[in-house]
Amino acid sequence: QVQLVESGGGLVQPGGSLRLSCVASGFVFRFYAMGWYRRAPGAQRELVARISNGGSTYYVESVKGRFSISRDNVKKTVDLQMNTLKPEDTAVYYCNGVLGANDYWGQGTQVTVSS
């Protein structure tokens with residue numbers, strides 16, 4: 001069975017940092033593009049960062065220079081390092097894996113940025 005399990009969310013002050021981790025199982029991880037999405041209160045889900053099977057990365061403009069996505073194909077993990085966090089980063093963050101018609105999702109982890 002396919003599983004993506006996120007961890008690392010929590011409450012942090014503006015300007016702080018968090019590192020989200022996602023552990024994958026049940027599929028051939030190294031072939032998949034992996035990403036982090038988020039859904040903020042009252043907003044649609046958006047793609048935050050993506051890393052291809054070859055290591056190419058994409059970031060939504062609002063997080064460029066602050067967030068960094070990485071993957072480890074041995075551990076079958078994808079991480080999102082989030083620095084200089086802002087209140088508008090508050091959201092549930094979801095791990096995602098895509099290959100062709102396959103589109104897998106984790107359960108989400110809450111990130112709250114507040115004073």
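Keep in mind that this is a model prediction, so the values were computed, not measured.
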Close side-chain approach of Val48 and Tyr93, heavy atoms under 4.5 Å: yes
From Met82 atom CE to Leu18 atom CG, the distance as rounded to the nearest 0.5 Å: 4.5 Å
Backbone N/O of Val113 and side chain of Thr90: donor-acceptor pair under 3.5 Å: yes
Test item: Arg66 side-chain N/O and Thr84 main-chain N/O as donor-acceptor pair under 3.5 Å: yes
Heavy-atom check, side chain of Asp79 versus side chain of Arg19, under 4.5 Å: yes
Nearest-0.5 Å distance, OG1 of residue Thr77 to CG of residue Leu20: 12.5 Å
Distance (rounded to the nearest 0.5 Å) between Tyr94 OH and Glu6 CD: 8.5 Å
Closest heavy-atom pair and its distance - Leu80, Ala49: CD1-CB, 4.0 Å
Closest heavy-atom pair and its distance - Arg38, Ser62: NH2-OG, 3.4 Å
Within one Ile-Leu-Val-Met-Phe-Trp-Tyr cluster: Val78 and Val60, side-chain cutoff 4.5 Å: yes
Any donor-acceptor N/O pair, Arg50 side chain to Ser56 backbone, under 3.5 Å: no
Value rounded to 0.5 Å, distance of CG in Asp72 from CE in Met34: 12.0 Å
Flag, side chain of Tyr32 to backbone of Asn96, donor-acceptor distance under 3.5 Å: no
Shortest non-hydrogen separation from Gly97 to Leu4 and the atoms involved: N-CD1, 3.9 Å
Heavy-atom check, side chain of Gln81 versus side chain of Ser17, under 4.5 Å: yes
Min side-chain heavy-atom separation Trp36-Phe67 under 4.5 Å: no
Close aromatic pair by centroid cut-off 6.0 Å: Phe27 and Tyr104: yes
Inter-residue atom distance Tyr37.OH - Cys95.SG, 0.5 Å rounding: 11.0 Å
Validation row: Tyr59, Ile69 side chains within 4.5 angstrom (heavy atoms): yes
4.5 Å side-chain heavy-atom contact, Ser114 and Pro87: no
Hydrophobic cluster membership, Val92 vs Trp105, 4.5 Å side-chain cutoff: yes
Approximate separation, where rounding is to 0.5 Å, of Arg30 CZ and Lys76 NZ: 8.5 Å
Test item: Gln13 and Ser115 side chains (from C-beta on) under 4.5 Å apart, heavy atoms: no
Path from Phe31 to Val2 over hydrophobic side-chain contacts below 4.5 Å: yes
